[in-house]
Amino acid sequence: MKHTTSNILDTIIANEKNLAVLIDPDKMKPNKVSSFINKVNQSVATHIFVGGSEVDKGVTETLVIELKKHTILPIVLFPGDIIQITDKADGILFLSLISGRNPDYLIGKQVEAVSKLTKTNLEIIPTGYILIENGKETAVQRVSETKPIKRSNIQSIKDTAKAGELLGMKLIYLEAGSGATHPIESYIITEVKQQLNIPLIVGGGIKTKAEMESAYTAGADLVVIGTAFEKDESFFNELKNLT
Ligand code: 1GP
């Protein structure tokens, strides 16, 4: 079921299976927006996330304005940098890269963003962002100059997620990285979810409906898919309903 409430976080909490379609402003051509969004609208998607690791100034706002013409789904910024902040969206994942130890991505950029954010009406959702290793270097890793947590280090993944919750974050995002070869394994999702009293987002490398369903079954409250739609829009046909 689609929700149009202004409270994005409440919607995520209320829905059992949220699906965010991630659109990278650098990869979405303006003339493709309309046909792409029509497919999103006909799918089970509940949210649109907009963002990327490296996006030029102004591109995000132009894209969000165009998206708004074609959908009533909430548009949530998932920014790699401050220049991606625009008040034309509905909300923003206010990310802290808690798997890393780079102060710029833990708190520095967030401080820099405040003067811009306070001039917007965006719903600001504090989100603990946890990068899990995927066998190859991801864009987040390269740009943030941080190391992901090893998949085998389940205790560290769980403790990092719980620390985020105890610090007051409202969402935890387990990230394998855009275009990851393998999505985050179900047992990791389940073990992390068992620790948490806040919703869990899972993304990176999810390419099939079965992988998406298995993330939900393992405990994901919201699944993010980007690359699979960029590569093959017919994937939306499989997502007209959930089992
Ligand atoms: C990336 O988690 C998101 O930040 C989505 O990843 O592009 O691999 O679907 P994909």
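As the structure is a prediction and not an experimental result, all values here were calculated from the model. Counting starts at 1 for both ligands and their atoms, in listed order.
Remark: the N38 side chain and the Q42 side chain contain no N/O donor-acceptor pair separated by less than 3.5 Å.
Among all heavy-atom pairs drawn from K88 and K68, the shortest one is O-CE, 3.7 Å.
Neither the backbone nor the side chain of F49 has a heavy atom within less than 4.0 Å of ligand 1. Within the 4.0 Å heavy-atom criterion, both parts of T227, backbone and side chain, lie near ligand 1. Only the side chain of E175 comes within 4.0 Å of ligand 1, judged by heavy-atom distances.
From I23, atom CD1 reaches atom NZ of K27 across 12.5 Å, with rounding to the nearest 0.5 Å.
Protein heavy atom closest to atom 3 (C) of ligand 1, with residue, atom name and distance, is Y173 OH, 3.4 Å. In terms of protein heavy-atom proximity, atom 9 (O) of ligand 1 is nearest to G226 N, 2.8 Å.
Those atoms of ligand 1 that come under 4.0 Å of a heavy atom in I225, given as number and element, are 9 (O). Near G179, with a cut-off below 4.0 Å to any heavy atom, the atoms of ligand 1 are 7 (O), 8 (O), 10 (P). Atoms of ligand 1 found under 4.0 Å from any heavy atom of G203 (numbered from 1 in listed order, with element): 2 (O). Listed by number with element, the atoms of ligand 1 under 4.0 angstrom from any heavy atom of G204 are 2 (O), 3 (C), 5 (C), 6 (O), 8 (O). Applying the 4.0 Å criterion to heavy atoms of F78 picks out, from ligand 1, the atoms 4 (O). Taking every non-hydrogen atom of S178 and a distance limit under 4.0 Å, the qualifying atoms of ligand 1 come out as 1 (C), 6 (O), 7 (O), 8 (O), 10 (P). If you number the atoms of ligand 1 from 1 as listed, the ones under 4.0 Å from a heavy atom of L22 come out as 1 (C), 3 (C), 4 (O), 5 (C).
Between K69 and E66 there is a salt bridge, since a side-chain N of the basic residue sits under 4.0 Å from a carboxylate O of the acidic one.
Under a 4.0 Å heavy-atom criterion, A228 is not in contact with ligand 1.
In terms of modelled atom types and a separation under 3.5 Å, the side chain of E165 and the main chain of N197 share a donor-acceptor contact.
Figure legend: cation-pi geometry between K109 and Y105, with NZ or CZ positioned under 6.0 Å from the six-membered ring centre and within 45° of its axis.
The local environment of NZ in K170 is sparse, with at most 12 non-hydrogen atoms from other residues, nucleotides or ligands closer than 6.0 Å. Atom NZ of K32 sits in a sparse spot, with 12 or fewer heavy atoms from other residues, nucleotides or ligands closer than 6.0 Å.
A parallel orientation is assigned to the rings of F78 and Y173, their planes being inclined by less than 30° (bins at 30° and 60°).
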